[in-house]
Asks: 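Pasting in a structure now, in structure tokens, and then I'll have a few things to ask.
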Amino acid sequence: MAYRVEDVLLSREHIALRVRELGEKVSEAYEGKNLVVVGILKGAVIFLSDLVRAVRSEVNVALDFMAVSSYGASTETTGAVKILKDLDTDIKGKHVLLVEDIIDTGLTLSYLLRILEERNPESLAACALLDKPERRQADVAVRFCGFSIPDEFVVGYGLDCGGRWRHLPDIHKVGTTD
Ligand code: IMP
Ligand code: MG
């Protein structure tokens, strides 16, 4: 079975508008504060790079990244989360915003929130471009969310299928050929 890119679910224009709105919300929430924006590699990098440029200069932004194990080459989760790269920053006493591409089962985010909370940040919140609420297994709070989408596998704008299609500017549905 092979995967193929199908229709556009969210266009680049639609994404850009929403990311600007999210940047404004983040700016309001953290105005005058020091904020460590933590991107989850690799899916969040494109979203994060647009998001932080939509955050006003009144927020003192630092960037850091974590890498966790993901689905590998298929589209099904194993539920296992392994840290492949940890933060460079000590987040104790800092405001931390975790940036994810998509919340699916919620297992990855709930695990990451739990381990980062143990490091005693001043505050800890999550921002995800996409949310698939139908698939949720772990109860996680996402303070800033771009779009809720139906239970469909999607690629583009950072999201991949087996490492492919992260570079597409729009977000597409994925289908299979047999
Ligand atoms: P969760 O732990 O099930 O919430 O999985 C979140 C991770 O699964 C995301 O960071 C993505 O890497 C991946 N993922 C979930 N759904 C999709 C999708 O539709 N397209 C691409 N990656 C996805
Ligand atoms: Mg990912």
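Every heavy atom of this structure was used, including side-chain atoms; hydrogens, water molecules and symmetry mates were not. In each ligand, atom 1 is the first atom listed, and ligand 1 is the first ligand listed.
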Asks: Could a heavy atom of Ile102 be found less than 4.0 Å from some atom of ligand 1?
Replies: yes
Asks: Any idea which part of Asp101 is under 4.0 Å from ligand 1, heavy-atom wise: side chain, backbone, both or neither?
Replies: side chain
Asks: Heavy-atom contacts with Thr108 under 4.0 Å: which atoms of ligand 1 show up? List them by number with element.
Replies: 1 (P), 2 (O), 5 (O), 6 (C)
Asks: Just jot down the ligand 1 atoms closer than 4.0 angstrom to any heavy atom of Glu100, in number order.
Replies: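 Checking each atom against Glu100, I get 10 (O).
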Asks: Quick one: does Leu109 get within less than 4.0 Å of ligand 1, heavy atoms only?
Replies: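 Judged by the 4.0 Å heavy-atom criterion, Leu109 does not count as contacting ligand 1.
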Asks: Near Lys25 NZ, under 6.0 Å, is it more than 12 heavy atoms from other residues, nucleotides or ligands?
Replies: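 No, the 6.0 Å shell around NZ holds no more than 12 heavy atoms from other groups.
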Asks: In terms of atom number and element, which parts of ligand 1 are under 4.0 angstrom from non-hydrogen atoms of Asp160?
Replies: 21 (C), 22 (N)
Asks: Of all the heavy atoms in Glu152, does at least one lie under 4.0 Å from an atom in ligand 1?
Replies: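 Checking ligand 1 against Glu152, which is what was asked, there is a heavy-atom contact under 4.0 Å.
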Asks: Side chain, backbone, both or neither: which part of Arg135 has a heavy atom under 4.0 Å from ligand 1?
Replies: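 The answer is neither.
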Asks: Using non-hydrogen atoms of the residue, decide whether Lys132 is closer than 4.0 angstrom to ligand 1.
Replies: yes
Asks: Can you tell whether the side chains of Glu117 and Arg114 come within less than 4.0 Å, N to carboxylate O?
Replies: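 No, no charged N to carboxylate O under 4.0 Å.
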Asks: Arg164 side chain to Asp160 main-chain N or O, any donor-acceptor pair under 3.5 Å?
Replies: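 Here the side-chain-to-backbone pair does not exist.
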Asks: Near Asp139 CG, under 6.0 Å, is it more than 12 heavy atoms from other residues, nucleotides or ligands?
Replies: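 Atom CG in Asp139 is not packed in, count stays at 12 or less.
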Asks: Would Tyr157 and His167 count as a close aromatic pair, with their ring centres under 6.0 Å?
Replies: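 Ring centres of His167 and Tyr157 not closer than 6.0 Å.
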Asks: Ignoring hydrogens and angles, state whether a donor on the side chain of Thr89 or Asp64 is under 3.5 Å from an acceptor on the partner side chain.
Replies: yes
Asks: With a cutoff of 4.0 Å, is Gly106 in contact with ligand 1, counting heavy atoms of the residue only?
Replies: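 Yes, Gly106 has heavy atoms under 4.0 Å from ligand 1.
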Asks: Between Arg136 and Asp131, does any NZ, NE, NH1 or NH2 come within less than 4.0 Å of an OD or OE carboxylate oxygen?
Replies: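 Here Asp131 pairs with Arg136 in a salt bridge, since their nearest N and O are under 4.0 Å apart.
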